[in-house]
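First the structure, in the form of structure tokens, and then the observations on it.
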Amino acid sequence: MIHVRELGGLTMLPQDLHVHSTWSDGDGAIVAEQTIGLIAEIRHARILGISDHFELVGEDRFEEYRREIRRAGLKVGMEIDGHRWVSAAIAADADYRIFHCYDRDPDYKALDRLLETDQPLIVAHPNALGTNLDRVPPECLIEINNRYVWRCDWRSYYGPFVRRFQFVISSDAHQPNWLNQTVARHVAAELGVREKLLFDD
Ligand SMILES: [Zn+2]
Ligand SMILES: [Zn+2]
């Protein structure tokens, strides 16, 4: 099984579609350096998308947000905080959507509406929101989220559902260092530094 691939000396992850940028300004975890430009420059994953909080981007600025992501050559996503935002989120032009599905009826219903778009729908870090995966349609993609997954008994939470769903793996990065060691590797590559590997047999 291949989890990473070598590319120009950098180890690139196959995919990361849950990455925040300064467009999520207002989220306390975001730092000023987490720009779309830097994320695109680091390019830590082959399939890479930006998924800022829809309510922080704002409906009015979504087109500007979309254009900036496109110019950077990345996929256009968003993270939607529950059913209240669904109509506006569906109207916004994106490649995929990530949804906070809290354990409440209107949020499970919202999944059906979002699936009607025929665009990929990712259920965000369900273990952190108490999402009941029994109530989630199997067409949804389930996220294994680097920020939250280690905070739960993931084997008992996700284990029973590994055949019911398809999964995506995400960083949920809000800061450059959350993009993994690839940040330091990117800097070393830019400097022309070749890492000395110790204990390599
Ligand atoms: Zn989230
Ligand atoms: Zn997020």
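For clarity, every value in this text was computed on a predicted model and none was experimentally measured. All ligand and atom numbering here is 1-based and tracks the order in the structure. Along the sequence shown, the residues carry numbers beginning at 1.
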(request) Please report the number of protein N, O or S atoms that lie less than 2.8 Å from the Zn ion (ligand 1). (result) 3

(request) Kindly assign one of parallel, tilted or perpendicular to the pair Phe54 and Trp85, based on the angle between their ring planes and the thresholds 30° and 60°. (result) perpendicular

(request) On the 0 to 90° scale, with breaks at 30° and 60°, tag the Phe165-Phe167 ring pair as parallel, tilted or perpendicular. (result) perpendicular

(request) Just do the salt bridge (charged side-chain N to carboxylate O under 4.0 Å, His left out) check on Arg113 and Glu116 with the steps written out, would you? (result) CA-CA 5 Å; Arg113 285 189 62 201; Glu116 284 170 15; 5.9 Å; no

(request) For residues Ser171 and Asn145, report the shortest heavy-atom separation together with the two atoms involved. (result) O-OD1, 4.4 Å

(request) Name the orientation class of the two ring planes belonging to His100 and Tyr102 (parallel below 30°, tilted from 30 to 60°, perpendicular beyond 60°). (result) perpendicular

(request) Using a 4.5 Å cut-off on heavy atoms from C-beta on, say whether the side chain of Tyr65 contacts that of Ile50. (result) yes

